[in-house]
Each structure stands twice: as structure tokens, then as C-alpha cells.
Enquirer: 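Mind having a look at this structure? Questions to follow.
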Amino acid sequence: MKKSILGVLKWIILLMLAIVMLVPFFWLISSSLKDKTQFYSNPTVYFPIPMHFENFVNAWVNIGFFRAILNSLVFALTFTIIVVFSSALAAYGFSRFKFPGKKVLFVILLLSMMLPTQIMTIPLFLMFKKLNMINTILPMLLPYCLGVPYHIFLIRQFMNGIPKEVDEAAKIDGCGTMQIFFYIIGPMSKPTLIVSALLNFIWAWKDVWYSNIYLGKPERQTISVRLLSLIGDKSVEYGQMMAATVMMMLPVILLYFCAQKYFDEGITITELK
């Protein structure tokens, strides 16, 4: 009886937490179907009648949604591939090799995780401006070609759990250093690599800071930056902004449902390592 009561209480608490988490999504969808007057009405309108589905059409046209979503997709995929590959290589080096200053370098790597990336914005912008790379995605990719500290740490911790005997057996069979990485350690690290890829994709998809700084031309901007174009000097198109946000979230939500088990594994890996 005691276990049954505790089980019921657990499900009640989880249900309440789920409702709390879903409230912002309900408010977003509700707001995407409102007109301007309904945003300022008193009492608050939770279920707009009539529903203004034209907000989605207007948002699609006004911000150039298809071009913006394509820009976001190209940037997010490229960023993800670069970061995961470079971070995996760096993690492989920290995990499997001994070299002078390894511990010191790894400590510096961990300390760099505490620094906000924004402190490097001005010098990086000036450098890329001299290289004529503004209005391209290169400034948002090149700084990460050597890996991201958090993901290097995450992947390295996972690789440390792979026995060194695996490497030795591969060397006996004639495998070189990079062959061991590509054919043995890499595939065995698949769970953490997928988690890293998902986290990087989501970060790049919703990035506003760097995209807004480096991408000035509307035809080059990502969807997260194009949302800002709905904010005028005297008014804000809230309905269109909410509608565009809903459409922007759909690919990420679909990605989550397709790779939910890897997100769960990522939480487990982070907690254990």
C-alpha cells in the first residue's frame, strides 16, 4: 500500500511538472494565433477567437522564412560536423596519448570553459573584418575548428572508459593511430558523439549573438536573426514573431523526438563522467 501511494504521488508530481513545462509552449501557440488587439486585451485572451492563421503566412513572407531556414540549416549542420570531429580528435589525444604538459594543457582547457565567449567578440570581429569574411558563416566556424572545451571534456571522459587493451590489440593487427581512431575508438564512442552532435546542432540553430554580429545582409541571415526584423522602431509584430518562432521550433522538436534516447544517454553520461 505504501509503495502504491508513493507511486501515485510520484506520477502526480511528474504531471504537475509536465504542465508547468508545457505552459510556455501553450502560450506561444496561443499568441501566434492572436491579432494585435488581443495581445493587450484585459482580461487576457488564452483561446483567441477567431484564430488568425494569417500570422504564419505573413511571417513566412515578411522575414523570407524559406531562405532563412535554409541558412540556419547549412550553418547548423556545418558547425556540428566541424565541432564534433575536431573535439573528438582532441579528446582522443588527451585520452590515449602521453606528452609533456598534458595535465597543464587539460587544466587550461577546463579553465577556458569558465570564460564567456563574448569577451573575444571584438578582437575576432576586427580580425575577420580585415580578412573580408563578414557576411559569411566562416567567422562562426573557424574559431571552433580546434574543438570546443566542453565537448572535448565530455568525449574524453567517455573515451577514458574504453580499455587501453583495445588499442594494443589493434596495433598488433597492424592498425595505425588514425585507423584506431576511425575504426575502433570512434565507433565505440558513438553515443557521446551523437549527444555532442545534437547539442551543437541545437546551439547553432538558435544562435543569435554571432549570427547577428557577422551576418548583416538579410539574404545571409539565419532564422533566429530574421525574427528580429519583426521588431520595428514603434511597434512589434508579436503575432508574426510568435508564429515564426513556432515554425522555427518544429525542426528541433522533430529532432528531439527522433533522437530522444540519445538525449537521455547524454544526461546519463554527463552525470556519470
Side-chain angles (χ1 to χ4, degrees), residues 73-118 120 124 137-171 173 175-207 209-210 251-252 255-273:
L73 186 62
V74 170
F75 167 57
L77 289 176
T78 308
F79 179 86
T80 300
I81 293 171
I82 289 176
V83 172
V84 173
F85 181 72
S86 59
S87 298
L89 278 177
Y92 178 61
F94 278 114
S95 175
R96 318 311 277 191
F97 300 102
K98 294 181 180 180
F99 52 88
K102 174 182 175 180
K103 292 184 178 179
V104 176
L105 187 60
F106 189 70
V107 170
I108 295 174
L109 178 74
L110 295 180
L111 291 175
S112 67
M113 294 170 59
M114 304 178 187
L115 297 175
T117 56
Q118 286 78 4
M120 295 296 296
L124 285 175
I137 64 173
L138 290 178
M140 300 186 293
L141 299 176
L142 293 179
Y144 301 98
C145 287
L146 297 179
V148 174
Y150 171 76
H151 294 281
I152 294 174
F153 172 75
L154 182 67
I155 299 171
R156 177 235 183 213
Q157 294 300 95
F158 187 90
M159 288 182 176
N160 281 347
I162 300 175
K164 295 289 182 66
E165 290 77 10
V166 174
D167 302 52
E168 296 172 359
K171 290 179 181 178
D173 290 337
C175 290
T177 300
M178 297 309 297
Q179 287 177 317
I180 294 174
F181 172 75
F182 282 109
Y183 296 112
I184 299 175
I185 303 299
M188 293 180 69
S189 303
K190 180 180 176 181
T192 190
L193 294 179
I194 293 177
V195 170
S196 178
L198 293 172
L199 294 176
N200 279 293
F201 182 88
I202 292 174
W203 182 90
W205 185 264
K206 64 183 180 64
D207 173 63
W209 177 263
Y210 292 110
V252 178
L255 177 64
Y256 172 76
F257 281 112
C258 293
Q260 183 178 1
K261 67 175 183 178
Y262 296 111
F263 277 101
D264 297 337
E265 288 182 9
I267 296 173
T268 304
I269 292 171
T270 304
E271 289 177 350
L272 294 178
K273 300 297 183 179

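Numbering of residues begins at 1 and proceeds along the displayed sequence. Note that the coordinates shown come from a computational prediction; the quantities given were computed from them, not determined experimentally.
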Enquirer: How close do I180 and A170 get, counting heavy atoms only, and between which atoms?
Expert: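 Taking every non-hydrogen atom into account, CG1-CB, 3.9 Å.
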Enquirer: For Q118 and Y210, which heavy atoms make the closest approach, and how far apart are they?
Expert: N-OH, 4.2 Å
Enquirer: Quick one: list whatever passes side chain to side chain contact (heavy atoms under 4.5 Å, CB included) with Q179, sequence neighbours left out.
Expert: C175, Y183
Enquirer: Can you see which heavy atom on A204 is nearest to which on A76, and at what distance?
Expert: CB-CA, 3.7 Å
Enquirer: Excluding sequence neighbours, so at least two apart, what forms salt bridge (Lys or Arg N to Asp or Glu O under 4.0 Å) with D207?
Expert: none
Enquirer: Taking everything shown except L110 itself, do over 12 heavy atoms lie less than 6.0 Å from its CG?
Expert: yes
Enquirer: The criterion is side chain to side chain donor-acceptor pair (under 3.5 Å); which residues satisfy it with W209, sequence neighbours excluded?
Expert: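 In terms of side chain to side chain donor-acceptor pair (under 3.5 Å), with neighbours along the sequence ignored, W209 is linked to T121.
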Enquirer: Mind checking what makes side chain to side chain contact (heavy atoms under 4.5 Å, CB included) contact with I194, not counting sequence neighbours?
Expert: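 I194 satisfies side chain to side chain contact (heavy atoms under 4.5 Å, CB included) with K190, L198, Y262 only.
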Enquirer: Can you name the side chain to side chain donor-acceptor pair (under 3.5 Å) partners of S196, sequence neighbours left out?
Expert: H151, N200
Enquirer: Counting only heavy atoms from other residues, nucleotides and ligands, does the tally under 6.0 Å from CZ of F257 exceed 12?
Expert: no
Enquirer: Give, for atom OG of S112 and atom CG of L109, the distance between the pair rounded to the nearest 0.5 Å.
Expert: 4.5 Å
Enquirer: Report the C-alpha separation of V252 and K206 in whole Å, then their side-chain angles, then the decisive distance to 0.1 Å, and conclude whether the side-chain contact (heavy atoms from CB on, under 4.5 Å) test is met.
Expert: CA-CA 10 Å; V252 178; K206 64 183 180 64; over 6 Å; no
Enquirer: Test of understanding: with side chain to side chain contact (heavy atoms under 4.5 Å, CB included), list the residues that count as partners of S189, not counting sequence neighbours.
Expert: F158, M159, I162, I185, T192, L193
Enquirer: So, using side chain to side chain contact (heavy atoms under 4.5 Å, CB included) as the criterion, who are the partners of L89 when residues are at least two apart?
Expert: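 By the side chain to side chain contact (heavy atoms under 4.5 Å, CB included) rule, L89 matches F85, M178, F181.
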Enquirer: Can you list the residues that meet the ring pair (Phe, Tyr, Trp, His ring centres under 6.0 Å) rule with F79, with sequence neighbours excluded?
Expert: F75, Y144, W203
Enquirer: When rounded to the nearest 0.5 angstrom, what distance separates CZ in F94 from CZ in F153?
Expert: 12.0 Å
Enquirer: If a pair satisfies side chain to side chain donor-acceptor pair (under 3.5 Å) and one of its residues is in residues 93-105, list it, with sequence neighbours excluded.
Expert: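 Found S95-N160, R96-D167.
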Enquirer: Quick one: side chain to side chain donor-acceptor pair (under 3.5 Å) pairs with a partner in residues 83-92, sequence neighbours left out?
Expert: none
Enquirer: Indicate the atoms forming the closest heavy-atom contact of G93 with F99, along with that distance.
Expert: O-CE2, 3.9 Å
